[in-house]
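Inspection log for the structure reproduced underneath, given as structure tokens.
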Amino acid sequence: MLICWNLNSVSARLEHLKKVIKQNSPDVLLLQEIKCINEKFPHDELGDLGYNIEVFGQKTYNGVAVLSKHPIEDVCIGLEQVVQEQEARYIETTVAINGICNRIISVYVPNGAEVGSEKFKYKLEFLQRLYERLSHLKSIEENIIIGGDFNIAPEEIDVYDAKQMSGRVCFHIDERKWFRKILNLGYIDSFREFNRDMQQFSWWDYRAGSWQHNKGLRIDQILISPKLMDKITKAGVLTEPRGWERTSDHAPIYIGW
DNA sequence: ATGGTAGGCTCCCTA
């Protein structure tokens with residue numbers, strides 16, 4: 001099993017994370033929005049649970065990590081080589097599971113603030129760079145898993161109110177086009193593959209009782225290369241942790257084999 | 001059209 005979760009601060013959510021680990025004992029965890037530098041990541045507590053850990057951290061904002069019960073190799077930090085000049089949103093690793101070598105990525109796509117803003121422009125530029133990287137990976141890797149908070153709801157079924165969300169950030173056509181272009185490279189949206197007509201969100205705003213009214217978006221995805229998809233038997237969202245006290249605004253998502 | 005909540009860190013930014 002592989003679990004992918006935007007924690008909205010690893011230190012505020014350490015007990016939540018440990019509980020999810022104890023309930024599911026996943027082979028691999030992909031984390032986003034850890035909101036800390038590498039030195040402040042809870043290496044000891046999570047290492048004690050049997051995980052190898054690779055972190056691309058940053059003070060206050062962003063931050064991604066890969067945790068694995070199996071050895072982690074060939075770590076690449078960031079979409080560009082110049083790490084100092086970029087936000088901590090992308091980490092790429094290799095993990096062998098059951099004798100199969102997998103390139104495994106944790107990504108946190110920029111939110112984009114408002115359509116038309118500078119931050120939205122940055123989001124689209126990030127998506128282009130992500131597209132180019134994933135295009136390149138396709139030519140050199142066979143088994144690829146990319147999990148993260150894409151901050152894009154791909155289709156109408158993935159938002160609580162398609163009319164209200166129309167043209168707004170996380171559901172704007174320019175973002176959804178990039179998501180579609182990535183799929184068209186030959187990546188499969190694992191959740192949608194196993195749950196063709198199911199409306200299931202992965203994120204609910206903290207405000208206005210969104211969780212209680214199930215007003216959410218499916219903006220977290222795990223994309224898989226086709227050959228590897230044959231080994232996967234299920235994909236879904238762990239909604240229970242979203243109902244816990246002082247939890248993240250995202251629920252963990254998973255694939256199983 | 002606006003405001004609602006949360007985390008980190010400093011009284012504001014990002015989401």
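The sequence lines fix the lettering, A, B, ..., with proteins before strands; numbering per chain opens at 1. Values in this document were obtained by computation on a predicted structure and should not be read as measured data.
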Pairs of donor and acceptor atoms involving the side chains of residues 15-22 of chain A, under 3.5 Å and at least two apart or interchain, shall be tabulated with distances.
from	atom 1	to	atom 2	distance (Å)
A:His16	NE2	A:Glu245	O	2.8
A:His16	NE2	A:Arg246	O	3.0
A:Lys18	NZ	A:Glu45	OE1	2.6

B:dC9 and B:dA15, which share atom name P, separated by this distance in whole Å: 15 Å
side-chain contact (heavy atoms from CB on, under 4.5 Å) against A:Asn98, all qualifying residues, sequence neighbours excluded: A:Trp257
Inter-nucleotide C1' distance (B:dC11, B:dG7), Å rounded: 14 Å
The single option from A:Ile146, A:Asn143, A:Thr94 passing side chain to side chain contact (heavy atoms under 4.5 Å, CB included) against A:Arg103: A:Thr94
Pairs satisfying ring-ring contact (aromatic ring centres under 6.0 Å, His included), at least one member in residues 131-159 of chain A, at least two apart: A:Tyr131-A:Trp178, A:Phe150-A:Phe179
B:dG8 and B:dG4, which share atom name P, separated by this distance in whole Å: 22 Å
Atom-to-atom span, CD of A:Glu245 to C1' of B:dG7 - whole angstrom: 16 Å
Test side-chain contact (heavy atoms from CB on, under 4.5 Å) applied to A:Phe194 - qualifying residues, sequence neighbours left out: A:Met229, A:Ile232, A:Ala235
Any pair counted as ring-ring contact (aromatic ring centres under 6.0 Å, His included), so long as it reaches residues 102-122 of chain A, sequence neighbours left out: A:Phe120-A:His172
Below 4.0 Å: OP1/OP2 of B:dA6 and any side-chain N or O of A:Arg13: no
Which residues share a side-chain contact (heavy atoms from CB on, under 4.5 Å) with A:Ala251, sequence neighbours left out: A:Trp204, A:Val237, A:Arg242
Pairwise P distance for B:dA1 and B:dT5, with rounding to whole Å: 22 Å
Protein proximity profile, nucleotides 8-15 of chain B - base contact B, sugar-phosphate-only contact S, no contact -, cut-off 4.0 Å on heavy atoms: SSS--BSB
Set of side-chain contact (heavy atoms from CB on, under 4.5 Å) partners for A:Lys59, sequence neighbours left out: A:Ile37
DNA chain B contacts among residues 153-169 of chain A, heavy-atom distance under 4.0 Å: none
